[in-house]
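In what follows, every chain begins at residue 1, and chains take the letters A, B, ... in the order their sequences are listed. The analysis underlying the following values was restricted to heavy atoms, covering all of them including side chains, and did not include hydrogens, waters or symmetry mates.
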Amino acid sequence: MPELPEVETIKNALVPVIVGRKILDVITTVPTLREPLNQKELRKNIHGNVLAIRRRAKFLIFDLPGNNCLIAHLGMTGSFRVEPEKAPLLKHDRVVFLLDRNEKLIYNDIRRFGVIKNCKLSAPDKLPEEFAVFGPEPLEKNFNARYLHEILKRCKGPVKPFLMRQDIVVGVGNIYASESLFMAGISPLRPGNEITLEECKSLCDSIKRVLRDSIKQGGTTISDYRKPDGSEGKFVLRLKVYGRDGQECKKAGCKGTIEKIRQGGRSTFYCNQCQR
DNA sequence: CCAAATCCCTGCGTGC
DNA sequence: TGCACGCAGGGATTTG
């Protein structure tokens, strides 16, 4: 569930609380998340001052001394919170980072689809080598109509699943893919290679607007997602199609109905009238 | 080579 | 009330 706006919101909340603090120790409570949790490796490398917290794609990067960093991916149900050292652990608390000033940073993940690991960077400010496969950040200038058109013209299948591919553009998940296509008035069923440069411009702009608007609202809370302070993101109130199957289209003057279909094993929501 | 299907995991809602 | 089942979806892996 956490897509780019949710991860960005979490980063923004963690920066003032965590940057400059010292990690003293790491405790794991389960052997694996999506990948095995290597407690030995984590304890050895994840310690010292947190120099910065960055986001790339749906990953958080906690920069540490010695070009070490902690990589965190929240999967579907991951969350972070800060508590006093003595506070009891809750169900599904998977990794605990002991901090200075008698506090701890806790990673909770019901379904264990997340990733917590350490990584050595080639230089400060560099990204982990495994991130080389990622496409552009959707809010950066190198994600634009010309780029998207160039990619999509090689995509024969329906456009929507391609928007969720992290090697094409990062950070767009199931919710924002549906919402962006609605805003652009493009059907999720349209073959990628039939989408014109002009439509790519519209789609590109829509992706940027939807993501920026959601970040402003603190992300989308559907069920599990919470900001680190426990509050909910407000973008759910602005969703136009996601989760609205059977309801009226919200576009002014449109008499369409929101449909729900399955694409690539995921639900897609779209208006049967104003998305062509 | 590309795309669709499957799997990982837990909680929740539904129908019988 | 309880149980079986489907669904939620990020992403790696498998299958077609």
A/I168 CD1 to C/dG10 C1', in whole Å, measures 15 Å

Picking from C/dG11, B/dT10, C/dG10, the nucleotide nearest the side-chain atoms of A/Q166 would be C/dG11

May I ask you to say what A/F162 touches in the nucleic acid, namely base, sugar-phosphate or nothing, with a heavy-atom cut-off under 4.0 Å?
-> sugar-phosphate

To the nearest angstrom, the CZ-P distance between A/R56 and C/dG11 comes to 12 Å

Next item on the list: Determine whether any donor atom in the side chain of A/R34 lies under 3.5 Å from an acceptor atom in the base of C/dA12, or the reverse, and answer yes or no.
Entry: no

Between CD1 of A/I151 and P of B/dC2 the distance, given in whole Å, is 11 Å

**Prompt:** OP1 or OP2 of B/dT10 less than 4.0 angstrom from a side-chain nitrogen or oxygen of A/K91, does that happen here?
**Reply:** no

Margin query: Check this for me: does any side-chain nitrogen of one of A/E85 and A/R101 sit under 4.0 Å from a carboxylate oxygen of the other?
Written below: no

Walking DNA chain B from its 5' end, the first of A/R165 and A/G265 to be reached, judged by nearest nucleotide, is A/R165

Rounded to whole Å, CD1 of A/I116 lies from C1' of C/dG11 at a distance of 16 Å

With the side chain defined as heavy atoms from C-beta on, A/K156 is closest, among B/dA4, C/dA8, B/dA3, to B/dA3

query: C/dC7 and B/dA5: how far apart are their P atoms, nearest whole angstrom?
result: 14 Å

Against the side chain of A/R112, the closest entry in C/dG11, B/dT10, B/dA4 is B/dT10

Requested in this report: State whether the distance check finds a donor on one side and an acceptor on the other, under 3.5 Å, for side chain A/R266 versus base C/dG11.
Outcome: yes

When rounded to whole Å, the CG to C1' distance for the pair A/D109 and B/dG11 reads 13 Å

Base, sugar-phosphate, or nothing for A/G173, non-hydrogen atoms under 4.0 angstrom?
sugar-phosphate

Next item on the list: Give the ring-plane orientation class for A/Y147 versus A/F143, where under 30° counts as parallel, over 60° as perpendicular and anything between as tilted.
Entry: perpendicular

A/Q263 CD to C/dG10 P, in whole Å, measures 14 Å

- Look at the side-chain N and O atoms of A/H73 and state whether any lies under 4.0 Å from the OP1 or OP2 oxygen of C/dG10. no

A/E3 atom CD is separated from C/dA8 atom P, nearest whole Å, by 14 Å

Whole-Å C1' distance, C/dG6 and B/dT6: 16 Å

| request: Take atom C1' in C/dG10 and the same atom in B/dG13, then report the distance between them in whole Å. | output: 22 Å

Geometric class of the A/H73/A/F59 ring pair [parallel <30°, tilted 30-60°, perpendicular >60°]: perpendicular

Step through it carefully: locate the ring centre of A/F182, locate the ring centre of A/Y270, and say whether they are under 6.0 Å apart. no

When rounded to the nearest 0.5 Å, the distance separating CG of A/N144 from CD of A/E150 is 10.5 Å

Is it true that A/R55 and A/E6 have a side-chain N and a carboxylate O under 4.0 angstrom from each other?
-> no

Of C/dG10, C/dA8, B/dG11, the nucleotide closest to the side chain of A/H92 is B/dG11

Determine the interatomic distance between P on C/dT14 and the same-named atom on B/dC9; round to the nearest Å.
15 Å

Of the listed B/dG11, C/dG10, B/dA4, the closest approach to the A/I110 side chain comes from B/dG11

Rounded to whole Å, NZ of A/K160 lies from C1' of B/dA3 at a distance of 15 Å

- Are A/S267 and C/dA8 close enough that a side-chain N or O sits under 4.0 Å from OP1 or OP2? yes

